[in-house]
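Bear in mind the structure is a predicted one, so any value in this text is a computation, not a measurement. We count ligands from 1, going down the list as the structure has it; atoms in each ligand are counted the same way.
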Amino acid sequence: MANKPFLTDIQTLRERARKHIENGAVTEGYSADRETVVKLLNEALATEIVCVLRYKRHYFMASGIHADGVAAEFLEHANDEQGHADEIAGRIVQLGGEPNFSPEGLLSRSHAEYVEGETLQDMIKEDLVAERIAIDSYREMITYMGNDDPTSRRMLEGILAVEEEHADDLVNLLGGLGK
Ligand SMILES: [Fe+2]
Ligand SMILES: [Fe+2]
């Protein structure tokens with residue numbers, strides 16, 4: 001019981017916790033490169049915002065052409081992406097960073113693109129492409145975080161699972177349209 005060398009002893013834990021308390025959730029044991037993590041999370045934030053905007057555009061355009069079922073799906077995805085953006089922004093602040101909500105450069109920070117699309121089919125395809133980009137970039141970020149920032153990693157894992165559901169929804173929508 002006394003031999004657990006892989007755990008820091010209580011005295012050291014207590015002393016370390018008292019140092020730099022202004023860093024809040026970021027303790028001395030945080031082994032990730034905080035600046036890089038914040039930068040990656042800001043790219044993820046930009047991606048989510050661009051996805052909100054694209055899904056909103058598609059929602060209103062699909063509503064205009066009375067594709068109500070598809071429109072409802074676009075709206076649901078838009079709301080999910082907004083939720084992701086909020087989660088990510090919250091985590092950036094927790095890490096002592098600043099969430100970048102600036103419209104300037106938004107599209108170049110984002111991994112996914114903003115494509116309006118002409119037809120309903122175009123819209124669904126563009127959304128599917130964007131989801132697939134998000135899926136790959138989240139997977140890479142998750143690998144990067146590894147065990148150095150398990151909280152950010154778990155957040156991204158949760159978001160990744162939702163993006164995979166989105167991609168699956170979109171494939172089914174495409175199938176329903178006969179292509
Ligand atoms: Fe998302
Ligand atoms: Fe998504």
Need the atom name: nearest N/O/S atom of E48 to the Fe ion (ligand 1).
OE1
How is the N/O/S atom of H84 that comes nearest to the Fe ion (ligand 1) named?
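The atom in question is ND1.
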Do any of the N/O/S atoms of E81, backbone or side chain, fall under 2.8 Å from the Fe ion (ligand 2)?
yes
Would you say D80 has an N, O or S atom lying under 2.8 Å from the Fe ion (ligand 2)?
no
Tell me, do L173 and D127 make a side-chain contact under 4.5 Å, heavy atoms counted?
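They are not in side-chain contact.
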Just by distance, with hydrogens left out, do H58 and E126 show a side-chain donor and acceptor under 3.5 Å apart?
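No, because no side-chain N or O of H58 sits under 3.5 Å from a partner of the opposite role on E126.
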Are R91 and E87 ion-paired here, with the side-chain N under 4.0 Å from a carboxylate O?
no
Cationic N near anionic O, under 4.0 Å, E157 to R153
yes
Is there a chain of hydrophobic side chains (I, L, V, M, F, W, Y, each step under 4.5 Å between heavy atoms) that links M123 to Y114?
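Different clusters: M123 never reaches Y114 through Ile, Leu, Val, Met, Phe, Trp or Tyr contacts under 4.5 Å.
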E163 atom (N/O/S) at minimal separation from the Fe ion (ligand 2)
OE1
Considering only N, O or S atoms of H166, the one closest to the Fe ion (ligand 2):
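Within H166, restricted to N, O or S, the Fe ion (ligand 2) is closest to atom ND1.
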